[in-house]
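See below for the structure under consideration.
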Amino acid sequence: MKKVVFLTMDSLAGFECYDDLLIEPFNDLGWTVEKISWRRENVNWNNYDAVIVRSTWDYQSDSRKFLEVLKTINNSSAHLENRFSILQWNMNKSYLHDLEQKGILIPNTIWEKSFSTERAIKYFDLLDSDEIIIKPNISGNADNTFRIKRKGLNSCLLILQSIFENRDYMVQPFMKNIIDEGEYSLFYFGGKYSHAILKTPKENDFRVQEEHGGIIKL
């Protein structure tokens, strides 16, 4: 049988993960499945036919090392799904620049390299919004993502300074339709549309991930 790796993380405690639901269908198609944390050392990726990035939801804590692992897999005989170049591009939300240049509308966005209190005070006026979102360019699971109202900025300045002092981050107006409507994810396989899911936050929250109480519907 062919061997495929589901790339995962050391511990999935506190996460909603559906990797195990895929094992039987893969077995039926003649594949054995092994789940391997991306942090595991000395893995011989040549021993596998394919590697699928599945539940590596802590990659943002050490994105450089994660990219090194992906590059090592890509240079092995195993087939990395998706392409390394796509994974690398998609890890950093600066890809929104590329989409915008292709004519795709994105929210007004301020891109920053380090945090400045004087500049932070201006975000609301620059974005013409009384409520903003601040988050790292490289992030996952809404880690270090802040929803801030104009009147609440002062109480957040110290923590924002500590997190974003020397870190690339982005600032956008808060999009209320995330609460009113939710967030859609569209799935394509082989370049063809398959299905979509709607992710909505729990009451009094804006994060749509299940780990934060979000609800997923087909």
Side-chain angles (χ1 to χ4, degrees), residues 9 14-16 56-67 86-187 196-217:
M9 52 198 285
F15 288 90
E16 297 290 337
T56 56
W57 298 321
D58 63 344
Y59 74 89
Q60 66 273 14
S61 64
D62 196 345
S63 59
R64 288 186 179 181
K65 182 176 180 180
F66 182 65
L67 275 177
I86 294 293
L87 292 167
Q88 183 179 26
W89 176 77
N90 188 244
M91 276 179 55
N92 193 310
K93 289 179 174 58
S94 62
Y95 69 75
L96 292 171
H97 279 306
D98 300 331
L99 298 181
E100 188 174 29
Q101 290 173 2
K102 292 182 179 295
I104 297 174
L105 294 177
I106 69 170
N108 291 333
T109 304
I110 298 171
W111 303 94
E112 301 283 34
K113 294 290 186 181
S114 60
F115 188 80
S116 162
T117 296
E118 291 182 1
R119 183 157 171 78
I121 294 172
K122 300 177 182 178
Y123 288 154
F124 299 93
D125 291 332
L126 290 171
L127 296 171
D128 191 24
S129 177
D130 287 327
E131 194 167 10
I132 60 175
I133 291 288
I134 299 179
K135 57 186 174 183
N137 284 14
I138 299 178
S139 63
N141 198 41
D143 288 355
N144 293 316
T145 297
F146 297 87
R147 175 186 175 188
I148 305 172
K149 294 183 178 181
R150 188 188 293 263
K151 61 183 180 181
L153 177 63
N154 287 339
S155 63
C156 300
L157 287 174
L158 288 178
I159 188 170
L160 292 174
Q161 179 73 42
S162 66
I163 292 173
F164 298 111
E165 183 174 11
N166 294 296
R167 187 177 193 175
D168 292 351
Y169 67 96
M170 57 194 293
V171 189
Q172 294 178 324
F174 177 68
M175 309 300 288
K176 192 171 182 293
N177 61 314
I178 292 294
I179 294 176
D180 295 338
E181 183 178 2
E183 177 182 313
Y184 288 93
S185 294
L186 279 63
F187 293 80
I197 59 174
L198 175 62
K199 299 179 287 185
T200 54
K202 70 179 182 181
E203 188 174 358
N204 297 321
D205 205 330
F206 68 99
R207 298 166 297 180
V208 299
Q209 294 86 354
E210 289 180 288
E211 289 74 23
H212 300 297
I215 299 171
I216 293 180
K217 297 179 181 178

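In what follows, every heavy atom counts, from backbone to side chain, and hydrogens, waters and symmetry copies are set aside.
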Between Asp125 and Arg150, is there a salt bridge with N-O shorter than 4.0 Å?
-> yes

State the CD1-CG distance between Ile179 and Asn204, to the nearest 0.5 angstrom.
-> 8.5 Å

Closest non-hydrogen contact found for Met9 with Trp57 is SD-N, 3.5 Å

Here the pair of heavy atoms bringing Ala196 nearest to Phe187 is CA-CD1, 4.5 Å

Does the side chain to side chain contact (heavy atoms under 4.5 Å, CB included) test come out yes or no for Thr145 and Phe206, once each step is laid out?
-> CA-CA 10 Å; Thr145 297; Phe206 68 99; 3.9 Å; yes

Hey, are the side chains of Leu198 and Tyr184 touching, using non-hydrogen atoms and a 4.5 Å cut-off?
-> yes

Heavy-atom check, side chain of Ser63 versus side chain of Met91, under 4.5 Å | yes

Once you round to the nearest 0.5 Å, how far does CG of Leu153 lie from CD of Glu131?
-> 12.5 Å

CD1-NZ distance between Ile110 and Lys122, expressed to the nearest 0.5 angstrom = 11.0 Å

What one should report as the nearest heavy-atom pair of Lys93 and Pro136 is CD-O, 4.2 Å

Taken in chain and number order and not counting sequence neighbours, the residues that satisfy side chain to side chain contact (heavy atoms under 4.5 Å, CB included) with Ile178 are Met175, Glu183, Val208

Derivation of the side chain to side chain contact (heavy atoms under 4.5 Å, CB included) call for Thr109 and His97 | CA-CA 10 Å; Thr109 304; His97 279 306; over 6 Å; no

Minimum heavy-atom distance Leu127-Gln172, with the two atoms named | CD1-C, 3.7 Å

Should Asp168 and Trp111 count as side-chain neighbours, where that means a heavy-atom distance under 4.5 Å?
-> no

Derivation of the side chain to side chain donor-acceptor pair (under 3.5 Å) call for Lys217 and Thr200 = CA-CA 8 Å; Lys217 297 179 181 178; Thr200 54; 5.7 Å; no

Counterpart residues, ring-ring contact (aromatic ring centres under 6.0 Å, His included), relative to Phe66 (two or more places apart) = Trp38, Tyr59

Among Ile134, Leu160, Asn144, which one satisfies side chain to side chain contact (heavy atoms under 4.5 Å, CB included) with Tyr169?
-> Ile134

Might you confirm whether atom CD1 of Ile121 has over 12 heavy atoms from other residues, nucleotides or ligands at distances under 6.0 Å?
-> yes

Whether over 12 other heavy atoms sit under 6.0 Å from Ile104 CD1 = yes

Measure the spacing between CG of Leu157 and CD1 of Ile148 and express it to the nearest 0.5 Å.
-> 8.0 Å

Which heavy atom in Glu112 sits nearest to a heavy atom in Tyr123, and how many Å separate them?
-> OE2-OH, 2.8 Å

Just wondering, more than 12 heavy atoms not from Asp128 lying within 6.0 Å of its CG?
-> no

From Arg167 atom CZ to Ser114 atom OG, the distance as rounded to the nearest 0.5 Å | 13.5 Å

Sequence neighbours excluded, the answer for side chain to side chain contact (heavy atoms under 4.5 Å, CB included) partners of Asn141 is Phe15, Asp143, Gln209, Glu211, His212

Shortest non-hydrogen separation from Gly152 to Cys156 and the atoms involved | O-SG, 3.5 Å

Min side-chain heavy-atom separation Glu16-Ile216 under 4.5 Å | no

Which word best sums up how the rings of Trp89 and Tyr95 line up, parallel for under 30°, tilted for 30 to 60°, or perpendicular for over 60°?
-> tilted

Rounded to the nearest 0.5 Å, what separation is found between the OG atom of Ser94 and the CD atom of Glu100?
-> 12.0 Å

